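Small disclaimer: the values here were computed from a predicted structure and weren't measured. Start at 1 with the first residue, then count along the sequence.
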Amino acid sequence: MKDKLQKIKDDAVAAIKASEGLGALNDVRVNFLGKKGVLTSVLKGMKDVAPEDRPAVGQMVNEAREAIENLIEDTKKKMEAAELEKQLEDEVIDVTLPAKKSICGHRHPNIITLEEVENIFIGMGYEVVEGPEVEYDYYNFEALNIPANHPAKDEQDTFYINDKIVLRTQTSSVQARIMEQGKLPIRILSPGRAFRSDEVDATHSPSFHQIEGLVIDKGITFADLKGTLEEFAKKLYGEDTKVKFRPHHFPFTEPSAEVDVTCFKCKGKGCRFCKNSGWVEILGCGMVHPNVLRMSGIDPEVYQGFAFGVGLERITLFKYEIDDMRLLYENDTRFLRQF
Ligand code: DAH
């Protein structure tokens, strides 16, 4: 019996040493110490042992069990420690590795230009205000001296929500909203989105941006308009930029003009950008029509003013020498990253 128990112990020690991992170790425990284990079956054979030998044999079995149990417990602790060690090693963070670069967006060329324009006018004492994109027909047309039967209201140009409400076709709609508040004098710049029922091409989009300017005060003349817009053009395109006022017609200004600047690309010599004329048109402007002032409750005998409207995309395309407006709307970061 002694030899048999020694053999069981030796087998158990060998099996414990050979076991790789906690799972295998547990199998060894079950094999030797479990209910149907090797050592238990020895105990079950006690009935064949002579009664006087039983205490001694029992003690031997217990010693063997204890020895195996202790070894299993020790081994288990070592394995757990080793496993933890390995886990810590695997999970070490190498702080010297280069970080993942996050993709960082940046300002759209339209916004870069807009902020530049805003800064120029803020420097001249203007306040930046905004108006609604979904607008009453009244502010978009009527209050700007564009009566119901005016061709500018043609359905081909305008997105109608209903009879009285449209997607504004111009930021000029902000003019009457500001004037009827009755706070004078007025010196505002109003940038924003405008909409027209246009097909998309290199120079048109159903949704685009304008920057509106409005000045109302006593004694404002066309000279103020000219001086202001010349200063604006020079700040935006450079001191050597020349400005030309071409007579034009807008229902809400009288007289009206369009402003051309020397082509930024060829400096006036003529190139494909300016269609060989040496000039490019950048805005519409004029002296606020007396009807417009009157409709908003301002006495044209006391107050005068000027207004202008700049196409934001237009001046951005010029500034960056981009020849297709669609590039501004595609959100292709390969394009946008260049600015
Ligand atoms: N709203 C005009 C347009 O969309 C541009 C414009 C012209 C605005 C003359 C003005 C102005 O304020 O005085 O074509």
**Q** How many angstroms lie between atom CG of Asp299 and atom CG of Leu184, to the nearest 0.5 angstrom?
**A**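 So the CG of Asp299 and the CG of Leu184 are separated by 11.0 Å.
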**Q** If you draw the axis of the six-membered ring of Tyr136, does the NZ or CZ of Lys164 fall within 45° of it and under 6.0 Å from the ring centre?
**A** no
**Q** Under 3.5 Å, is there a donor-acceptor pair between the Ser207 and Arg193 side chains?
**A** yes
**Q** Does some side-chain heavy atom of Asp27 sit less than 4.5 Å from a side-chain heavy atom of Ser19?
**A** no
**Q** Let me know which of Gln170, Glu180, Glu212 forms a side chain to side chain donor-acceptor pair (under 3.5 Å) with Gln175.
**A**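 The passing option is Glu212.
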**Q** How are the rings of Phe232 and Phe121 set relative to one another: parallel (under 30°), tilted (30 to 60°) or perpendicular (over 60°)?
**A**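 Ring orientation, 0 to 90° scale: tilted.
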**Q** Give the minimum heavy-atom separation between Ile16 and Ile68, together with the two atoms involved.
**A**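 Closest approach of Ile16 to Ile68, heavy atoms only: CD1-O, 4.0 Å.
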**Q** Are the charged groups of Asp11 and Lys7 less than 4.0 angstrom apart, N to O?
**A**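 Looking at Asp11 and Lys7, the cut-off is met.
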**Q** Looking at Glu127 and Arg187, is any side-chain nitrogen of the basic one under 4.0 Å from a carboxylate oxygen of the acidic one?
**A** no
**Q** Would you say the side chains of Glu199 and His204 form a donor-acceptor pair under 3.5 Å?
**A**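 His204 and Glu199 do not have a side-chain donor-acceptor pair below 3.5 Å.
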**Q** Under 3.5 Å, which donor-acceptor pairs link side chains of residues 91-100 to any protein atom two or more places apart or in another chain?
**A**
| from | atom 1 | to | atom 2 | distance (Å) |
| --- | --- | --- | --- | --- |
| Asp94 | OD1 | Thr96 | N | 2.9 |
| Asp94 | OD1 | Thr96 | OG1 | 2.5 |
| Asp94 | OD2 | Thr96 | OG1 | 3.4 |

**Q** Just by distance, do the side chain of Glu239 and the backbone of Lys234 share a donor-acceptor pair under 3.5 Å?
**A** no
**Q** Should Glu69 and Arg29 count as an ion pair when the cut-off is N to O under 4.0 Å?
**A** no
**Q** Do Phe195 and Ile211 belong to the same hydrophobic cluster, where Ile, Leu, Val, Met, Phe, Trp and Tyr are linked whenever their side-chain heavy atoms lie under 4.5 Å apart, directly or via other members?
**A**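 Different clusters: Phe195 never reaches Ile211 through Ile, Leu, Val, Met, Phe, Trp or Tyr contacts under 4.5 Å.
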**Q** Before accepting this row, confirm whether a basic side-chain N of the pair Asp260/Lys242 lies closer than 4.0 Å to the acidic partner's carboxylate O.
**A**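 Here Asp260 does not pair with Lys242 in a salt bridge, since their nearest N and O are not under 4.0 Å apart.
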**Q** Out of curiosity, Leu328 CG to Leu317 CG, how far, rounded to the nearest 0.5 Å?
**A**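 The distance works out to 5.0 Å.
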**Q** Could you tell me if Asp157 and Thr169 have a donor-acceptor pair between their side chains, going purely by distance under 3.5 Å?
**A**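 There is no such pair between these side chains.
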**Q** On a heavy-atom basis, which atom in Leu327 and which in Ile322 lie closest, and how many Å separate them?
**A** CD1-CG2, 3.8 Å
**Q** Do the side chains of Met124 and Ile188 join up, straight or via other hydrophobic residues, at under 4.5 Å, putting them in one cluster?
**A** no
**Q** Do Thr316 and Asn110 have side-chain atoms, one donor and one acceptor, less than 3.5 Å apart?
**A**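 The criterion, which ignores hydrogens and geometry beyond distance, is satisfied for Asn110 and Thr316.
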**Q** Once you round to the nearest 0.5 Å, how far does OG1 of Thr253 lie from CE of Met287?
**A**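 That separation rounds to 10.0 Å.
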**Q** Compare all side-chain heavy atoms of Val30 with those of Lys36 and state whether any distance is below 4.5 angstrom.
**A**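 Not in contact.
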**Q** Does either side chain, that of Glu66 or that of Asn62, offer a donor lying less than 3.5 Å from an acceptor on the other one?
**A** no
**Q** Parallel under 30°, tilted from 30 to 60°, perpendicular over 60°: which one fits the rings of Phe339 and Phe335?
**A**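 Plane angle over 60°, so perpendicular.
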**Q** Can a salt bridge be assigned to the pair Arg334 and Asp332 using a cut-off of 4.0 Å between side-chain N and carboxylate O?
**A**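 Yes.
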**Q** Do you know the tightest heavy-atom contact between Ala257 and Phe250?
**A** O-CE1, 3.7 Å
**Q** Any chance you could measure His248, atom NE2, to Ser256, atom OG, to the nearest 0.5 Å?
**A** 8.0 Å
**Q** Nearest 0.5 Å please: distance from the CG atom of Asp323 over to the CZ atom of Arg326.
**A**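 Interatomic distance, Asp323 CG to Arg326 CZ, rounded to 0.5 Å: 10.0 Å.
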**Q** Ser173 and Arg168: which non-hydrogen atoms are nearest, and at how many Å?
**A** OG-CD, 3.4 Å
**Q** Evaluate the side-chain proximity of Val280 to Val261: yes if any heavy-atom separation is below 4.5 Å, no if none is.
**A**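 They are in contact (side-chain heavy atoms under 4.5 Å apart), so the answer is yes.
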**Q** Shortest non-hydrogen contact from Lys9 to Ala67?
**A** CE-CB, 4.1 Å
**Q** Is Leu33 linked to Val28 within one hydrophobic cluster, defined over Ile, Leu, Val, Met, Phe, Trp and Tyr using a side-chain heavy-atom separation of less than 4.5 Å?
**A** yes
**Q** Output the distance between atom CD (Glu142) and atom CE (Met295), rounded to the nearest 0.5 Å.
**A**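 One finds 7.5 Å between CD of Glu142 and CE of Met295.
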**Q** Under a 4.5 Å cut-off applied to non-hydrogen side-chain atoms, are Lys86 and Asp90 in contact?
**A**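 A side-chain contact exists here, since the closest heavy-atom pair is under 4.5 Å.
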